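Notes follow once the structure below has been shown.
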Amino acid sequence: LVGVPGGALLFYAGLGAPGLPGQPYAERQNSQEFKMLTAIEKLAAELQQRPDPKGFTALGGAYRTLHRYEDASDAYRHAVQLGATDTETLAALGETDVMANGGGVVPEARQAFLQVLKANPGDPRARFYLGLAKAQIGKPAEALAIWRDLEKDSPADAPWLAMLKDHIAETAKQAKIDPATVTPQAPSTEGVAAAAPAAEASQPAEGQDAMIRSMVAGLAAKMEKSPGDFDGWMRLARAYRVLGQLDKATDAAHHAIDLKPQDADAKLALADVQLAAAPNDQLPADFIATIREVLAIDPVNGDALYYMGAAEAQAGHTAQARDLWTKLLAQMPADASERADIVRQIDTLPKN
């Protein structure tokens, strides 16, 4: 929902991917979607009998359209293993791995983006996500160097430029670094073999995971000595969220909220963890309560308007859901790619 991991999805949307908000929970099962599911099931069954890289690539795209990111990642991975080593398929694999892991650039995603960059050093997606990977493991200076390098090479009208600048500013603020003092530098692809996407990264996944966990443990130790560091608790909450340590992420988010009870971002960080812990597609009660608090603080918050509308629809409160989603539409740009999804969900609400 928020923060650096959530921001990654905005970059993906800016390149023409399915729009935010991600994984709508209410009123998604319309007839068109059921028809698509039928077609997907048929394609998946055919691919079990006759594996084909183009077929798996198409299957991955279909799953991604339905926001079934884990299934999409599996399909793209099959495509790559069968020889689909083009940069579009590799980038799609990396992006869906990120989405399937709540915005975390996990080792598998990082490897895919390194392969993309090896084949096309200018690819903006790979450069952004590799910078994000550095930020998520506690290396903000390296992240800023990569992002500043992307910034200088980006056209003035690049759809991702505004978001990229926001990430640079936020990361620099949290790390207390003047971005102007960071020399732009392209991500390194040293040791990455070209056209070998199925190979392991130069550092085994287990080693990368251990490195990430060690860095998070270091941040946690730092917070014990600096309990009043709001930004530090926010980083720690997001880091634990990426690692899937939801209890610790919840605790860190509560520390941040205790320091700034009226900060909407802190409550959204907590909501993100609460949503991740939900056992099914029903919005959990604690998540809904937190989103209500966000709306009380920031009545025009886009994430809160969307999910509160979904909660009202889930509860059968059609009028309230329509009102909230209509307010969300009113503040969205006319050309926003997300508008069509919101309009569709409004249209699927029962008519009173």
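Computed from a predicted model, the values in this text were never measured in an experiment. Values below: all heavy atoms of this structure, side chains included; hydrogens, waters and symmetry mates excluded.
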Task: Distance (rounded to the nearest 0.5 Å) between Leu283 CG and Met308 CE - done: 8.5 Å
Open item on the list: Does any part of the side chain of Tyr306, heavy atoms only, come nearer than 4.5 Å to the side chain of Ile342, both counted from C-beta?
Closed with: yes
Task: Proximity of Phe128 and Trp160 rings by center, below 6.0 Å - done: no
- [ ] Using the salt bridge (Lys or Arg N to Asp or Glu O under 4.0 Å) rule, collect all pairs that involve residues 218-237, keeping only residues at least two apart or in two chains.
- [x] none
Task: Tyr76 side chain near Leu59 side chain, heavy-atom distance below 4.5 Å - done: no
- [ ] Just grab all the ring pair (Phe, Tyr, Trp, His ring centres under 6.0 Å) pairs involving residues 244-273, residues at least two apart or on different chains.
- [x] Trp233-His255
Task: Side chain proximity check, Tyr69 to Val98, heavy atoms < 4.5 angstrom - done: no
Task: Pairs touching residues 90-123 that satisfy ring pair (Phe, Tyr, Trp, His ring centres under 6.0 Å), sequence neighbours left out - done: Phe113-Tyr129
Task: Test item: Glu151 side-chain N/O and Leu164 main-chain N/O as donor-acceptor pair under 3.5 Å - done: no
Open item on the list: According to side chain to side chain contact (heavy atoms under 4.5 Å, CB included), who are the partners of Glu88, at least two apart in sequence or on a separate chain?
Closed with: Asp86, Arg125
- [ ] Answer whether the closest heavy-atom distance between the side chains of Leu275 and Tyr307 falls below 4.5 Å.
- [x] yes
Task: Gap between atom NE2 of His78 and atom OG of Ser73 - 0.5 Å precision - done: 12.0 Å
TODO: Output yes when a side-chain donor or acceptor of Thr96 lies under 3.5 Å from a complementary backbone atom of Leu93, and no otherwise.
DONE: yes
TODO: Apply side chain to side chain contact (heavy atoms under 4.5 Å, CB included) to Glu142 and list each qualifying residue two or more places apart in sequence or on a separate chain.
DONE: Lys134, Lys139
Open item on the list: Could you check whether atom CG of Asp247 has more than 12 heavy atoms from other residues, nucleotides or ligands sitting under 6.0 Å from it?
Closed with: no
TODO: Could you tell me which residues satisfy side chain to side chain contact (heavy atoms under 4.5 Å, CB included) with Asp71, sequence neighbours excluded, listed by chain and number?
DONE: Tyr63, Arg68
Task: Transitive ILVMFWY cluster of Val300, excluding itself - 4.5 Å side-chain cut-off - done: none
Task: Sub-4.5 Å side-chain heavy-atom contact between Gln274 and Thr250 - done: no
TODO: Identify, with sequence neighbours excluded, every residue that meets side-chain hydrogen bond (donor to acceptor under 3.5 Å, both in side chains) alongside Arg77.
DONE: Asp97
Open item on the list: Using a 4.5 Å cut-off between side-chain heavy atoms of Ile, Leu, Val, Met, Phe, Trp and Tyr, which other residues end up in the same hydrophobic cluster as Leu270?
Closed with: Ile257
Task: Contacts of Asp153 that satisfy side chain to side chain contact (heavy atoms under 4.5 Å, CB included) - sequence neighbours left out - done: Arg127, Asp149
Open item on the list: Donor-acceptor check, side chain of Asp263 to backbone of Ala266, threshold 3.5 angstrom: yes or no?
Closed with: yes
- [ ] Apply the side-chain contact (heavy atoms from CB on, under 4.5 Å) test between Leu268 and each candidate in Asp298, Ile297, Ile291; give the one that qualifies.
- [x] Ile291
- [ ] Apply side-chain hydrogen bond (donor to acceptor under 3.5 Å, both in side chains) to Thr57 and list each qualifying residue two or more places apart in sequence or on a separate chain.
- [x] none
Open item on the list: Could you check whether any side-chain heavy atom of Lys42 comes within less than 4.5 Å of a side-chain heavy atom of Glu46, counting everything from C-beta outward?
Closed with: yes
Task: Salt bridge Lys248-Asp251, side-chain N to carboxylate O under 4.0 Å - done: no
- [ ] Could you tell me whether the side chain of Leu114 reaches within less than 4.5 Å of the side chain of Arg110, counting heavy atoms only?
- [x] yes
- [ ] Examine distances only and state if a side-chain atom of Gln136 and a backbone atom of Gly103 form a donor-acceptor pair shorter than 3.5 Å.
- [x] yes
- [ ] Would you check if Met99 and Glu70 make a side-chain contact, meaning some heavy-atom pair closer than 4.5 Å?
- [x] no
Task: Pairing residues for Asp323 by the salt bridge (charged side-chain N to carboxylate O under 4.0 Å, His left out) criterion, not counting sequence neighbours - done: Lys327
- [ ] Give a yes or no on whether the backbone of Asp178 and the side-chain of Thr181 come within a donor-acceptor separation of less than 3.5 Å.
- [x] yes
